[in-house]
Amino acid sequence: KQEVTQIPAALSVPEGENLVLNCSFTDSAIYNLQWFRQDPGKGLTSLLLIQSSQREQTSGRLNASLDKSSGRSTLYIAASQPGDSATYLCAAPQGDNYGQNFVFGPGTRLSVLP
Amino acid sequence: GAGVSQTPSNKVTEKGKYVELRCDPISGHTALYWYRQSLGQGPEFLIYFQGTGAADDSGLPNDRFFAVRPEGSVSTLKIQRTERGDSAVYLCASSLTGTSPYNEQFFGPGTRLTVL
């Protein structure tokens, strides 16, 4: 059974810092992994989807990496801005499917201070 | 449509009542998912549709929960005899297909269900 954890649970940084959010998963037989952000009281916004054949995926100031062998993914945010303040969630598939049944981590709550 | 939409945005009901939650996926998306999220936790999978059929309903907590997608687009999540423990935000997501690793899921804003 897939289990997903994220550390840290919360993070507060000054504006402009580069930061790394960590995601760990127990079942490495996955085809993909997806990162989301969630603003308070809102739904989830897709940030990046990494397929197992990829090591990294980039979108603007965001870079996500995937290491299946170690069961880890990281989300790197460059030059953080106050608008990046949100909860960041990673999701890995339950078992060897394409992500139909996502298991989510508890999230990292990020605060970027101006 | 431009994104996944869900109605109502908020639903307050009394214990024992029946509720229906609606999801309109992104046009052309064949896969549709329901999740629920309790305060301070990540979403929890409920059910996945590929087209009109429920391909995986392993996350439905009990037989009070049922979902349909009769024409392969709009889906309705139905909860009978609601209990206070059903209070949560119910999220719907869609993706182009569920049968590919290029399976980016896009979420709606959710329906906040409160059972008094």
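First the proteins, then the strands, lettered A, B, ... as listed; each starts at 1. Heavy atoms only: backbone and side chains are in, while hydrogens, waters and symmetry mates are out.
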query: Which atoms of B/Ser58 come close to chain A, meaning under 4.5 Å heavy atom to heavy atom: side chain ones, backbone ones, both, or neither?
result: side chain
query: Picking from B/Gln37, B/Glu44, B/Gln6, B/Gln50, which has the most non-hydrogen pairs under 4.5 angstrom with chain A?
result: B/Gln37
task: For chain B, find which of A/Lys42, A/Arg109, A/Gln51, A/Gln6 contributes the most heavy-atom pairs closer than 4.5 angstrom.
output: A/Gln51
field: Short N-O contact, A/Lys1 and A/Asp27, less than 4.0 angstrom
entry: no
Per-residue contact mode, A/Leu89 against chain B (heavy atom under 4.5 angstrom): side chain
- prompt: When rounded to the nearest 0.5 angstrom, what distance separates CG in B/Asn103 from CG in A/Leu49?
  reply: 7.5 Å
- prompt: When you look at A/Phe104 and B/Tyr35, which way does the ring pair (Phe, Tyr, Trp, His ring centres under 6.0 Å) test go after all the steps?
  reply: CA-CA 10 Å; A/Phe104 280 81; B/Tyr35 296 83; 5.5 Å; yes
- prompt: Checking B/Phe107 against chain A: side chain, backbone, both or neither under 4.5 Å from a heavy atom?
  reply: both
task: Taking the side chain as every heavy atom from C-beta outward, state whether B/Asp86 and B/Arg64 have any atom pair closer than 4.5 Å.
output: yes
message: Between A/Ser52 and A/Lys68, is there a side-chain heavy-atom distance shorter than 4.5 Å?
response: yes
